[in-house]
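Read the structure below first, then the notes.
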Amino acid sequence: MTTWFVTRHPGAVAWAQRRGLAVDRQLAHLAPEQIAPGDTVIGTLPVNLVARVCARGGRYLHLSLDLPAEARGRELTADELERYGARLEAYVAKPATP
């Protein structure tokens with residue numbers, strides 16, 4: 001079982017290190033085909049990719065923030081992530097039938 005941290009943001013990597021998150025692989029972009037049953041994926045993935053992770057038997061933990069409008073669109077430091085309530089929240093997603 002592998003823990004994947006999908007981010008291209010240095011502040012998120014620093015935040016995870018401060019938290020002592022055990023990460024096996026950190027990468028900027030995830031190919032869902034890499035996920036094996038029992039793997040954990042941490043990140044801020046779009047819902048269609050979360051659904052593919054879940055369909056492959058993976059667990060998804062979303063890096064959630066309470067981000068004010070003025071903080072959007074720029075790189076955040078680990079301190080700012082803490083200030084904006086960074087936390088991991090588990091989600092399960094699957095496509096709905098029309």
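All figures in this text were calculated on a predicted structure; none of them were measured in a lab. All values below were derived from every heavy atom in this structure, side-chain atoms included, with hydrogens, water molecules and symmetry-related copies excluded.
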_Closest contact, heavy atoms only, F5 versus V23_ = CB-CG1, 3.7 Å

*Decide side chain to side chain contact (heavy atoms under 4.5 Å, CB included) for L88 and L63; before the verdict, give the C-alpha distance in whole Å, the side-chain angles of both, and the deciding distance to 0.1 Å.*
CA-CA 5 Å; L88 298 180; L63 176 53; 4.2 Å; yes

*asked:* Please give me the minimum heavy-atom distance between A51 and P95, naming the atom from each residue.
replied: CB-CD, 4.1 Å

_D39 and R25 ion-paired at < 4.0 Å_ = no

*Hydrophobic cluster mates of V53, side-chain heavy atoms under 4.5 angstrom, ILVMFWY only, any path?*
W4, V6, L27, L30, I35, V41, L45, L49, V50, Y60, Y91

*Going by the side-chain hydrogen bond (donor to acceptor under 3.5 Å, both in side chains) test, which pairs reach into residues 15-24, not counting sequence neighbours?*
W15-E82, R18-D79, R19-E82

*Given L21, T3, T40, the one that forms side-chain contact (heavy atoms from CB on, under 4.5 Å) with L61*: T40

*Report, as yes or no, whether the 6.0 Å neighbourhood of atom CZ on R87 holds more than 12 heavy atoms from other residues, nucleotides or ligands.*
yes

*What residues join V47 in its hydrophobic cluster, counting side-chain heavy atom gaps under 4.5 Å, either direct or through other members?*
none

*Rounded to the nearest 0.5 Å, what separation is found between the CG atom of L65 and the OH atom of Y84?*
9.5 Å

_Qualifying side-chain hydrogen bond (donor to acceptor under 3.5 Å, both in side chains) pairs, either residue in residues 43-57, two or more places apart_ = E33-R52

*Which side-chain hydrogen bond (donor to acceptor under 3.5 Å, both in side chains) pairs, counting each pair once, include a residue from residues 67-76, with sequence neighbours left out?*
H9-E75, R74-E80

